[in-house]
2 protein chains.
Amino acid sequence: MEINLSVTEENYIKAIYHLQQADGNVSTNEVAKELATKPASVTDMLKKLKQKKILNYEKYQGFRLSNDGRRIALGIVRKHRLWEYFLVEKLQFGWDEVHEVAEELEHISSKKLIDKLDAFLEYPKFDPHGDPIPDVNGKMAAQPQINLTDLPVNQLAAVSSVGIQSTELLELLKHKNIAIGTKLEVKKKFAFDNSLEIKIKGQNAFTISQQLAQALFVKMV
Amino acid sequence: MEINLSVTEENYIKAIYHLQQADGNVSTNEVAKELATKPASVTDMLKKLKQKKILNYEKYQGFRLSNDGRRIALGIVRKHRLWEYFLVEKLQFGWDEVHEVAEELEHISSKKLIDKLDAFLEYPKFDPHGDPIPDVNGKMAAQPQINLTDLPVNQLAAVSSVGIQSTELLELLKHKNIAIGTKLEVKKKFAFDNSLEIKIKGQNAFTISQQLAQALFVKMV
DNA sequence: AAATAATTTTAGACAAATCTAAAATTATTT
DNA sequence: AAATAATTTTAGATTTGTCTAAAATTATTT
């Protein structure tokens with residue numbers, strides 16, 4: 001039942017997991033960009049992962065992780081986030097300097113190690129960046145809903161609710177092409193009037209007012 | 001100044017380090033045995049390490065680490081032993097189940113990580129097996145001298161002093177071919193009369209009495 | 001000091017993960 | 001719906017670490 005995976009394979013699985021969280025179906029080019037490698041290399045790996053039943057993949061058709069693949073990805077995410085928590089809470093790293101180290105630590109294979117680390121840290125639910133940490137069974141706490149004004153720049157999030165129910169607001173949202181479930185990122189914050197530059201995938205970026213941003217709640221993705 | 005080393009290269013360096021601690025000059029076959037690989041593979045790696053100036057090596061002549069090589073080896077040993085200490089003291093692993101995990105953790109490259117871990121652990125001097133942990137500069141505490149009767153089975157050690165100065169004792173030591181500096185291992189302990197079976201490299205094992213063992217002090221190697 | 005044995009090195013091959021360049025397929029324009 | 005563009009895949013090469021089998025060297029016997 002335990003498949004042995006190389007660090008490279010794990011990195012592909014993790015990248016595909018994150019891309020499909022944001023995007024649904026994943027493409028060869030996206031993965032190549034994410035991993036700073038060439039599409040041809042990605043295709044080779046896709047075949048390998050398909051053969052190991054980690055990936056549902058038909059050529060030219062895009063792909064997604066299988067159930068097994070998702071289980072493995074969650075295991076890697078769990079390790080990454082627990083180590084980040086450890087680095088910040090116990091070793092006094094800054095939250096902005098832990099990522100690369102966690103990228104290495106997440107590939108340490110011992111399950112016992114990670115479960116004991118989890119216990120030592122007293123089963124934290126969120127990592128230092130606010131992302132939820134999967135538990136032993138791969139379950140994670142729901143991402144808390146935050147106000148759009150509090151969303152970090154370049155953090156993908158999905159609109160989860162609107163603060164007020166007014167026809168005027170709905171009219172504006174319709175015009176801006178924003179609905180519940182719309183995935184967006186904040187690209188810039190303007191201090192002068194607290195307006196935000198917003199990017200929805202496949203559209204050009206546009207600006208929204210402070211008032212509109214305050215009416216929108218999102219969950220990080 | 002910072003050379004990038006693969007996990008494989010690091011494992012070779014560590015193996016050579018440990019072998020030369022015990023042996024002086026190291027041979028291709030010894031390394032192959034230690035790393036469970038073939039002599040031909042070792043020769044390939046030796047050339048590579050020589051080229052990187054980590055090894056003083058002339059073919060057919062045996063080899064030793066260069067100063068740089070020793071510095072690198074001490075860094076790996078430092079990481080291994082600090083992680084072992086962490087696993088036992090913080091994560092409640094048994095001292096006998098930490099080795100394989102530490103074998104993986106020792107290859108995490110961040111120097112900052114290991115120095116912060118050292119601080120978190122409050123600069124321990126010895127790991128759970130009693131081996132000294134090198135500090136940031138590669139210095140380690142002298143291995144404490146222990147009585148031969150307390151030496152664990154199969155732990156290589158060097159005779160460091162004798163407890164009493166008698167002609168009779170010296171006569172016996174001469175006959176048994178034991179001197180200050182002689183490297184030996186205890187292969188068996190016999191409960192009946194507390195005699196020990198001793199093995200000196202290149203000789204057949206032989207037995208010594210409890211009285212003789214109590215007169216000998218050793219340092220682990 | 002020859003012969004034999006053991007060790008070590010070379011030569012050539014293989015698998016994993018990558019690359020470039022070209023071919024195949026799908027998507028988008030006009 | 002052709003033509004063009006973008007994406008994806010294939011084919012063939014490269015690098016790293018490994019292997020086996022054979023050759024070279026050193027060590028040990030007789």
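Lettering follows sequence order; numbering is per chain, from 1. Heavy atoms only: backbone and side chains are in, while hydrogens, waters and symmetry mates are out.
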Determine: side-chain N/O of [X] to OP1/OP2 of [N], distance under 4.0 Å, yes or no.
X: Tyr57(B); N: dT9(C); result: yes
X: Thr43(A); N: dT10(D); result: no
X: Lys38(A); N: dA21(C); result: no
X: Tyr12(A); N: dT18(C); result: yes
X: Ser6(A); N: dA16(C); result: no
X: Asn29(B); N: dA6(C); result: no
X: Lys59(A); N: dT26(C); result: no
X: Gln61(B); N: dT26(D); result: yes
X: Thr8(A); N: dA16(C); result: no

Is the closest basic N to carboxylate O distance between [X] and [Y] below 4.0 Å?
X: Glu171(A); Y: Lys176(A); result: no
X: Arg78(A); Y: Asp118(A); result: yes
X: Lys199(B); Y: Glu197(B); result: no

What's the [atom1]-[atom2] distance between [X] and [N], to the nearest Å?
X: Lys50(B); N: dT8(C); atom1: NZ; atom2: C1'; answer: 15 Å
X: Asn25(A); N: dA27(C); atom1: CG; atom2: P; answer: 12 Å
X: Leu46(A); N: dT7(D); atom1: CG; atom2: C1'; answer: 13 Å
X: Leu35(B); N: dC19(D); atom1: CG; atom2: P; answer: 10 Å
X: Tyr60(B); N: dA23(D); atom1: OH; atom2: P; answer: 13 Å
X: Glu58(A); N: dT7(D); atom1: CD; atom2: P; answer: 22 Å
X: Glu10(B); N: dT16(D); atom1: CD; atom2: P; answer: 16 Å
X: Met45(A); N: dT18(C); atom1: CE; atom2: C1'; answer: 10 Å

Watson-Crick or G-U counterpart of dT14(D), or none if no pair lies under 3.5 Å
dA17(C)
Any strand is fair game: report the nucleotide pairing with dT26(D) by Watson-Crick or G-U wobble, both distances under 3.5 Å, or none.
dA5(C)
With a 4.0 Å cut-off on heavy atoms, is [X] in touch with a base, just the backbone sugar-phosphate, or nothing at all?
X: Ser41(A); result: base
X: Thr28(A); result: sugar-phosphate
X: Phe63(A); result: nothing

Kindly indicate whether a cation-pi arrangement holds for Lys116(B) with Phe93(A), taking the cut-offs as under 6.0 Å to the six-membered ring centre and within 45° of the axis.
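Lys116(B) over Phe93(A) ring: yes.
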Quick one about Asp127(B) and His80(B) (side-chain donor to acceptor, distance below 3.5 Å, no hydrogens or angles considered), yes or no?
no
If you count every heavy atom of other residues, nucleotides or ligands that lies below 6.0 Å from Lys189(A) atom NZ, does the total exceed 12?
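Yes - once you tally the heavy atoms of other residues, nucleotides and ligands closer than 6.0 Å, there are more than 12.
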